[in-house]
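Data first, discussion second: the structure below is written as structure tokens.
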Amino acid sequence: MTSERKRKNTSTRRAMLANEIAQAIRLRAFRPGEWLRQIDLEERFEATRFDVRSALDELAVRKTIEHVPNRGYRVAEVDLKTYEEILATRIILERATAEGVMARIDDAAIARLDALAAQFSAAVTTGSRTEQSEINRAFHQFMYSFCGNAVLEEMIWGLRDRGRGSQITVWSSHELLQKSDREHYEMMAALKARDAGALAALIATHIIKGAPVGPAPIEPG
């Protein structure tokens, strides 16, 4: 194996492990402010100490976690002001995907999104919060994969994961969960109508959901 291939494999392992740890944080397996013990992560993810440390360094760069010198790593805590700024930035970035998505998505992909929307509807009724969160993420991840800009996608998902460091409750009411469900179908209608402007507007609404000023819980899209 060449040294270049070894570096590539190491980078791939680190990215995959970083994504697995980020997913655990997103699903609240680790709470905002919680310290991450490397030995626990090695056991939980069946990874080497080197890979865990590399993944933690990657997540610290993404600001999903923070490194405290001489203490270790802990899940980042996001205050309300920062959280609101994250939402505002997400609106800019996620709206920017609309034109690219509309230009590249085909009928087969729209059918796949329809299926994901239906899965989310079923999860709203009978699924767990973990299932709802993962299907919701899959819906948006698949849609944004057609934007044609990998860096933009990376920035979007980095911000989404960073927002999980907030204490704000995700889907604080069943009404907000149902609203997310309806908005998925509204996005599908915009895609089928090939209306990029409507899609961009719906994405913004889906993210902010009329967020109140102050610490009241809101649901990020």
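What you see below is based on every heavy atom in this structure, not just the backbone, and it leaves out hydrogens, waters and symmetry mates. Residues take their numbers from the sequence shown, with the count starting at 1.
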Quiz item: How about Thr89 and Met155: do any of their side-chain heavy atoms sit closer than 4.5 Å?
Solution: no
Self-check item: Approximate separation, where rounding is to 0.5 Å, of Ile207 CD1 and Ile86 CD1
Solution: 12.0 Å
Self-check item: Partner of Met143 by side-chain contact (heavy atoms from CB on, under 4.5 Å), out of Leu116, Leu199, Thr97, Ile110
Solution: Leu199
Quiz item: Would a distance-only check, ignoring hydrogens and angles, find a side-chain to backbone donor-acceptor pair under 3.5 Å from Gln132 to Ala123?
Solution: yes
Self-check item: Heavy-atom closest pair, residues Ile135 and Phe120
Solution: CG2-N, 3.6 Å
Quiz prompt | Spacing of Leu159 atom CG and Thr64 atom OG1 [to the nearest 0.5 Å] | solution = 9.5 Å
Quiz prompt | Shared hydrophobic cluster for Tyr144 and Val151 (ILVMFWY, side-chain gaps under 4.5 Å) | solution = yes
Quiz item: Is it true that the side chains of Asp57 and His67 contain a donor and an acceptor less than 3.5 Å apart?
Solution: no
Exercise. Locate the shortest heavy-atom distance separating Ala196 from Ala98; write the atom from each residue and the value.
Key: O-CB, 3.6 Å
Quiz item: What orientation do Phe146 and Phe142 show, parallel under 30°, tilted 30 to 60°, or perpendicular over 60°?
Solution: perpendicular
Quiz item: Which ILVMFWY residues can you reach from Val52 by hopping between side chains whose heavy atoms are under 4.5 Å apart?
Solution: Leu17, Ile21, Ile25, Phe30, Leu36, Leu41, Phe45, Leu56, Leu59, Ile65, Tyr73, Val75
Quiz prompt | Contacts of type side-chain contact (heavy atoms from CB on, under 4.5 Å), residue Thr48, not counting sequence neighbours | solution = Phe50, Asp51
Quiz item: Taking the six-membered ring for Trp, are His140 and His184 parallel (under 30°), tilted (30 to 60°) or perpendicular (over 60°)?
Solution: perpendicular
Exercise. Please list, chain by chain and in numerical order, all residues satisfying side-chain hydrogen bond (donor to acceptor under 3.5 Å, both in side chains) with Arg49, sequence neighbours excluded.
Key: Glu42
Quiz item: Out of curiosity, Ile203 CD1 to Arg90 CZ, how far, rounded to the nearest 0.5 Å?
Solution: 10.5 Å
Quiz item: Mind checking who shares a hydrophobic cluster with Trp35, ILVMFWY linked at side-chain heavy-atom distances under 4.5 Å?
Solution: Val68
Practice problem: Can you measure from CD (Gln141) to CD1 (Ile156) and round to the nearest 0.5 angstrom? | Solution: 10.5 Å
Quiz prompt | side-chain hydrogen bond (donor to acceptor under 3.5 Å, both in side chains) partners for Arg95, two or more places apart | solution = none
Exercise. If a pair satisfies salt bridge (charged side-chain N to carboxylate O under 4.0 Å, His left out) and one of its residues is in residues 98-107, list it, with sequence neighbours excluded.
Key: Asp107-Arg194
Quiz item: Applying side chain to side chain donor-acceptor pair (under 3.5 Å), which residue pairs with at least one partner in residues 15-24 are found, sequence neighbours left out?
Solution: Asn19-Arg62, Gln23-Glu134
Quiz prompt | Heavy-atom pair with the smallest gap, counting every atom of Ala190 and Met102 | solution = O-CE, 3.9 Å
Quiz item: Who are the side-chain contact (heavy atoms from CB on, under 4.5 Å) partners of Glu85, not counting sequence neighbours?
Solution: Lys81
Quiz prompt | Short side-chain to backbone donor-acceptor contact, Glu131 and Ser128, under 3.5 Å | solution = yes
Quiz item: Any side-chain heavy atom of Arg28 sitting closer than 4.5 Å to one from Arg129?
Solution: no
Self-check item: Residues that Asn149 engages under side-chain hydrogen bond (donor to acceptor under 3.5 Å, both in side chains), provided they are two or more places apart
Solution: none
Quiz item: Quick one: does Glu94's side chain get under 4.5 Å of His206's, heavy atoms only?
Solution: no
Quiz item: Which heavy-atom pair separates Ala29 from Glu34 by the least distance, and what is that distance?
Solution: O-OE1, 4.2 Å
Quiz item: What pairs meet the side chain to side chain donor-acceptor pair (under 3.5 Å) rule with one or both residues in residues 112-122, with sequence neighbours excluded?
Solution: Asp114-Lys192, Ser121-Asp181, Ser121-Tyr185
Quiz prompt | Any residue meeting side-chain hydrogen bond (donor to acceptor under 3.5 Å, both in side chains) with Thr130, in chain and number order, not counting sequence neighbours | solution = none
Quiz prompt | Contact list for residues 94-113, test ring-ring contact (aromatic ring centres under 6.0 Å, His included), sequence neighbours left out | solution = none
Quiz item: Between atom CD of Glu186 and atom CG of Leu191, what is the distance when rounded to the nearest 0.5 Å?
Solution: 12.5 Å
Exercise. List the atom of Pro32, the atom of Glu77, and the distance in Å for their closest heavy-atom pair.
Key: C-CG, 3.7 Å
